[in-house]
2 protein chains.
Amino acid sequence: MRRSLGDWNCSVARTLEVLGDGWTMLILRDAFLGTRRFADFEAALGISKNILTKRLQHLVDHGVMEKVDAGVHGTRFEYLLTRKGKDLLTVVTALRQWGDRWEFGPGNEPILVVDQATGDPIEPVRIRRVDGTPVPSRDLGVRPGPGASEDTLRRFQER
Amino acid sequence: MRRSLGDWNCSVARTLEVLGDGWTMLILRDAFLGTRRFADFEAALGISKNILTKRLQHLVDHGVMEKVDAGVHGTRFEYLLTRKGKDLLTVVTALRQWGDRWEFGPGNEPILVVDQATGDPIEPVRIRRVDGTPVPSRDLGVRPGPGASEDTLRRFQER
DNA sequence: CAGTATCCTCGCAGATACTG
DNA sequence: CAGTATCTGCGAGGATACTG
């Protein structure tokens, strides 16, 4: 039986529980691009209503989006990214960036990260040393952190 | 009917086609931590053999991992991250980081990114300005890039 | 427009047994 | 050890109709 992702003592697994679903990431991508209304998500993604309802609800439940009534006359709901949600831009960007590099070819990015004040493009996510210099991925390693399980530690030693 | 993710003209969707599955990300997490052998993935994840076979095969097909015979006496297969695969560390790190911040609390990271030469921890992924200074997520915006569809552009204008 | 409420289908994932 | 082969279920996702 597959354990629930939330049971893992692992931030990666916990995060996947929130957005591991196939649609969620695409909803977020569109949200970053400014989509706010139910019908717009529906049309853009070609997702069925009941699924979209469930996904949006799930995101609201986890505090990633908030549902606000932006109705001027009558009700009109909008789904907006919270701060927690906006903080997922690194994840979306990392995904896009990898796709640009390995699955797509450069120059085709449908999403661009920009400085909101100036509108200028911003350098995409990178892993850096503490002095700020970027590290090529071949020079990067990984080791268990403070919260790692005994099992993780053991397997890490063996390698 | 749901379109195949690969049909989208979007790097995010393309990437999700490679690793959008529920297990794949966790396999990669363990791969980064040094897990190489079939049985170790199996034990660590509690995944059933046939599924694991399929996932690993999928990753090999997409050039994320390679299956090599590391047998000294007899055959012993190992699944290793390719360069393309190692380049996913930004994605895994972004996921972990978000989980640390929003779902877990700090100081619990089972994975730590380190400089392979020194072993020192490395600053996690961030989005930065061209001058190298990091940008808080609330100051970040997004706009359609070169490859954006007409539809995306239109919805972006409306917001 | 923004959803509920049903019904249905297909495929992912699990369990188990077997193989070189 | 590293899989393949088979059977089974269950639930995510789709289609459609209906509602305030």
Side-chain angles (χ1 to χ4, degrees), chain A residues 1-8 13 16-27 30-31 35-62 65-80 155 158-159, chain B residues 1-8 13 16-27 30-31 35-62 65-80 155 158-159:
Chain A
M1 181 77 175
R2 179 172 180 177
R3 293 149 75 194
S4 167
L5 285 168
D7 294 343
W8 252 292
L16 290 176
E17 197 192 12
V18 179
L19 39 92
D21 165 80
W23 281 117
T24 307
M25 224 52 223
L26 297 172
I27 292 175
D30 282 356
T35 303
R36 300 175 166 193
R37 296 192 336 233
F38 188 91
D40 290 336
F41 284 112
E42 191 186 357
L45 295 171
I47 186 177
S48 34
K49 289 169 181 287
N50 39 6
I51 305 301
L52 179 57
T53 301
K54 217 184 295 180
R55 292 293 143 246
L56 288 172
Q57 186 57 50
H58 185 247
L59 288 171
V60 169
D61 288 344
H62 285 81
M65 303 192 86
E66 52 183 344
K67 180 181 180 178
V68 300
D69 187 342
V72 184
H73 32 331
T75 56
R76 154 167 304 183
F77 294 114
E78 292 191 346
Y79 290 89
L80 303 179
R155 274 180 301 127
E158 284 169 3
R159 78 171 178 179
Chain B
M1 183 75 175
R2 179 169 180 180
R3 291 148 77 194
S4 167
L5 284 169
D7 294 342
W8 254 291
L16 290 176
E17 197 191 14
V18 179
L19 38 93
D21 166 79
W23 281 117
T24 307
M25 225 52 224
L26 298 173
I27 292 175
D30 282 356
T35 303
R36 300 175 166 193
R37 295 190 339 230
F38 189 92
D40 290 336
F41 284 112
E42 193 187 356
L45 295 171
I47 187 177
S48 35
K49 289 170 181 287
N50 38 9
I51 304 301
L52 179 57
T53 302
K54 217 185 294 181
R55 291 294 146 246
L56 288 172
Q57 185 57 48
H58 185 247
L59 287 171
V60 169
D61 288 344
H62 284 81
M65 304 193 85
E66 54 183 343
K67 181 181 179 178
V68 301
D69 187 343
V72 183
H73 33 329
T75 56
R76 153 167 304 183
F77 295 115
E78 291 191 347
Y79 291 89
L80 303 179
R155 274 180 300 128
E158 283 169 4
R159 76 173 177 177

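Naming: A, B, ... by sequence-line order, numbering from 1 per chain.
Counting to the nearest Å, the P atom of D/dA12 and the CD atom of A/Gln57 are 15 Å from each other. Between the CD1 atom of A/Ile51 and the P atom of C/dA5 there is a distance of 15 Å, rounded to whole Å. When the C1' atom of D/dA5 is taken as reference, atom NZ of B/Lys49 falls 13 Å away, rounded to whole Å. In this structure, A/Glu42 atom CD and C/dA2 atom P are separated by 9 Å, rounded to whole Å. Computed from coordinates, the A/Asp21 CG to C/dC12 P distance equals 14 Å when rounded to whole Å. Taking atom CZ on A/Arg36 and atom C1' on C/dG3, their separation rounds to 20 Å, with Å as the unit. Per the geometry, CG belonging to A/Leu45 stands 14 Å off C1' belonging to D/dG14, to the nearest Å. Following rounding to the nearest Å, B/Leu56 (CG) and D/dA2 (C1') show an atom-to-atom distance of 11 Å.
Of the listed nucleotides (D/dA2, C/dG3, D/dA12), D/dA12 has the atom at the smallest distance from the side chain of A/Lys54. With D/dA15, C/dA2, D/dA2 as the choices, the nucleotide that has an atom nearest any side-chain atom of A/Ser48 turns out to be D/dA15. Listed nucleotides D/dA12, C/dA2, D/dA2 differ in distance to A/Arg37; the shortest reach to its side chain belongs to C/dA2. Of the candidates D/dG14, D/dG3, C/dA2, the closest approach to any side-chain atom of B/Thr53 belongs to D/dG3. Taking the side chain of A/Ala39 as heavy atoms from C-beta on, and the options C/dA2, C/dG3, D/dG14, the nearest nucleotide is C/dA2.
Heavy-atom minimum distance, A/Thr24 versus A/Val18: CG2-O, 4.1 Å.
Contact between the side-chain N/O atoms of B/Tyr79 and the OP1/OP2 oxygens of D/dG3 is found at a separation under 4.0 Å. Under 4.0 angstrom from either OP1 or OP2 of C/dC12 there lies no side-chain N or O belonging to B/Arg55.
Side-chain contact between A/Thr53 and A/Phe38 is present, with heavy atoms from C-beta onward closer than 4.5 Å. Between B/Asp30 and B/Asp40 the shortest side-chain heavy-atom distance does not fall below 4.5 Å.
The CD1 atom of B/Ile51 sits 11.5 Å away from atom CG of B/Leu56, with the distance rounded to the nearest 0.5 Å.
Within 3.5 Å, no donor on the side chain of B/Asn50 pairs with an acceptor on the base of D/dT4, nor the reverse.
With both pairing distances under 3.5 Å, D/dG20 is matched to C/dC1 as a Watson-Crick or G-U wobble pair.
At the heavy-atom level, A/Phe41 lies nowhere under 4.0 Å from the strands shown.
Side-chain atoms of B/His58 never come within 3.5 Å of backbone atoms of B/Lys54 as a donor-acceptor pair (strictly under, hydrogens ignored).
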